[in-house]
There are 2 protein chains.
Amino acid sequence: MSESSSIGVVKLSGGVEWALHCCVVLSAATEPTPATKLAELHDVSPSYLAKHLQSLSGAGLIHSTQGKSGGYLLTRSAADITVLQIVEAIDGATPAFRCTEVRQRGPLAASAESCTIPCGIARVMGDADRAWRESLGAVTVADLADELSSTAGPATLPRVNRWLQTGT
Amino acid sequence: MSESSSIGVVKLSGGVEWALHCCVVLSAATEPTPATKLAELHDVSPSYLAKHLQSLSGAGLIHSTQGKSGGYLLTRSAADITVLQIVEAIDGATPAFRCTEVRQRGPLAASAESCTIPCGIARVMGDADRAWRESLGAVTVADLADELSSTAGPATLPRVNRWLQTGT
DNA sequence: TCAACTCGGATATCTTGTGTCCGCGAATCT
DNA sequence: AGATTCGCGGACACAAGATATCCGAGTTGA
């Protein structure tokens, strides 16, 4: 295995959870919220959370304003942001499985011109990955916020935002 | 973040591809096939492939016979082995996403008794993971073998097994 | 009985995620 | 307008997990 290998390795970064929670909170925010406050609210590492928020900013999901009363804000309505977009912004859009084309290796290697179509294994993996992404793309952060309101009570989200602004 | 963390980290090991190819080959085998031969056939690291085959053996998908003419063999019909079982044998059945219960942390932590139901984020991730596994569980190695026969020709699989036995 | 061949687990190496730090830019206050 | 304060952005260590390997235990066949 002298090849650069790099088999398909799906890794779902842990920071995805934090990013999702932040987006839900931001969906009800009306003023920029600094990363420090978000980290304090969730009790997580401020620097590391900032890193993930940067990824979200780079993906165009949230907008950052600098300065004294700066912070983060959603770029568009929460109904127009899917969890898939957040996951892909953090973890990258690379598919879970990458075919190494083992059929073209070894003593009984298949000819290259006969491999225009992906092999069955790659297709199955691709279908599963597609199903996973489709499931994630069907849910928006607005849905998550609604879900939170109906389970934890409608007052939770406004209360969180009040704490972010005033600290009480 | 002094906690042991252990956020949900899904890692799709690269050896899954090798394991799948091996199972497809073994589906047409009639005699035990040693790991060395399988590694040589696919041109991959023999030791590393052996490790994965051990995982498959531990999961009860393939049976190992030691001794001079030993090797691996499927424990049951290829139609009764799904891709999902192979993936879970290699990568483990741990779900892609593990909720850290961030809602119970920080200054506005929710009470523990109000968290009997998983939060919306965990549910969405769980649904996506379930869709992924369902898609993988719908395909058997027999399906993969059939697919290979129809695309690469019906003679490929027998020829591979002849090479494994005789070397020609 | 003996020997060869097989699997199985314990062992190094290395990429990748996890976590942290300092510099740059922008808005506020004087 | 200038200095200051605050927050974002990218560059820097640390650790965990995957990748790759080797040697010992067990078994079959002669």
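If you're wondering where the values come from, they're calculated on a predicted model, not measured in any experiment. We name chains A, B, ... by the order of the sequence lines, and we start the count at 1 in each one.
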Specify the separation, in whole Å, of atom [atom1] of [X] and atom [atom2] of [N].
{"X": "Leu53(B)", "N": "dT6(C)", "atom1": "CG", "atom2": "C1'", "answer": "12 Å"}
{"X": "Leu61(B)", "N": "dC7(C)", "atom1": "CG", "atom2": "C1'", "answer": "17 Å"}
{"X": "Tyr48(A)", "N": "dC12(D)", "atom1": "OH", "atom2": "P", "answer": "18 Å"}
{"X": "Leu164(A)", "N": "dG7(D)", "atom1": "CG", "atom2": "P", "answer": "13 Å"}
{"X": "Leu73(B)", "N": "dT6(C)", "atom1": "CG", "atom2": "P", "answer": "15 Å"}
{"X": "Asp91(A)", "N": "dG17(C)", "atom1": "CG", "atom2": "P", "answer": "8 Å"}
{"X": "Gln66(A)", "N": "dT4(D)", "atom1": "CD", "atom2": "C1'", "answer": "16 Å"}
{"X": "Lys68(A)", "N": "dC24(C)", "atom1": "NZ", "atom2": "P", "answer": "21 Å"}

Look at [X] and [N] and indicate whether a side-chain polar atom (N or O) is within less than 4.0 Å of OP1 or OP2.
{"X": "Ser45(A)", "N": "dT20(C)", "answer": "yes"}
{"X": "Ser57(A)", "N": "dG9(D)", "answer": "yes"}
{"X": "Thr65(B)", "N": "dT28(D)", "answer": "no"}
{"X": "Gln54(B)", "N": "dG9(C)", "answer": "yes"}
{"X": "Ser69(B)", "N": "dC5(C)", "answer": "no"}
{"X": "Tyr72(B)", "N": "dG8(C)", "answer": "yes"}

Handout entry: Salt bridge Arg98(B)-Glu17(A), side-chain N to carboxylate O under 4.0 Å
Key =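 No, no charged N to carboxylate O under 4.0 Å.
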Problem - Carboxylate-amine/guanidinium contact Arg133(A) Asp129(A), below 4.0 Å - result: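 A salt bridge links Arg133(A) with Asp129(A).
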Fill in the blank from the handout: Computed from five pairs at either end and rounded to 10 degrees, the angle between the axes of the helix from dT1(C)-dA30(D) to dT30(C)-dA1(D) is 10°
Handout entry: Proximity to the side chain of Lys51(B) - top-ranked nucleotide from dG8(C), dA20(D), dC8(D)
Key =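 Taking heavy atoms from C-beta onward, the closest nucleotide is dA20(D).
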Practice task
Look at the side chain of Ser47(A) and decide which nucleotide, out of dC7(C), dA10(C), dT20(C), has an atom nearest to it.
Solution key: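 Nucleotide nearest to Ser47(A)'s side chain: dT20(C).
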Can you find a side-chain donor-acceptor pair between [X] and [Y] that sits under 3.5 Å?
{"X": "Asp146(A)", "Y": "Ser149(A)", "answer": "no"}
{"X": "Gln85(B)", "Y": "Glu88(B)", "answer": "no"}
{"X": "Thr140(A)", "Y": "Asp143(A)", "answer": "yes"}

Problem - Intermediate values then yes/no, side-chain contact (heavy atoms from CB on, under 4.5 Å), Leu136(A) and Thr82(A) - result: CA-CA 7 Å; Leu136(A) 258 51; Thr82(A) 67; over 6 Å; no
Exercise for the section: For Glu134(A), look at atom CD and say whether over 12 heavy atoms of other residues, nucleotides or ligands are found less than 6.0 Å away. Expected result: no
Exercise for the section: Give Ala50(A) one of three labels, base, sugar-phosphate or nothing, depending on what nucleic acid heavy atoms sit under 4.0 Å from its own. Expected result: nothing
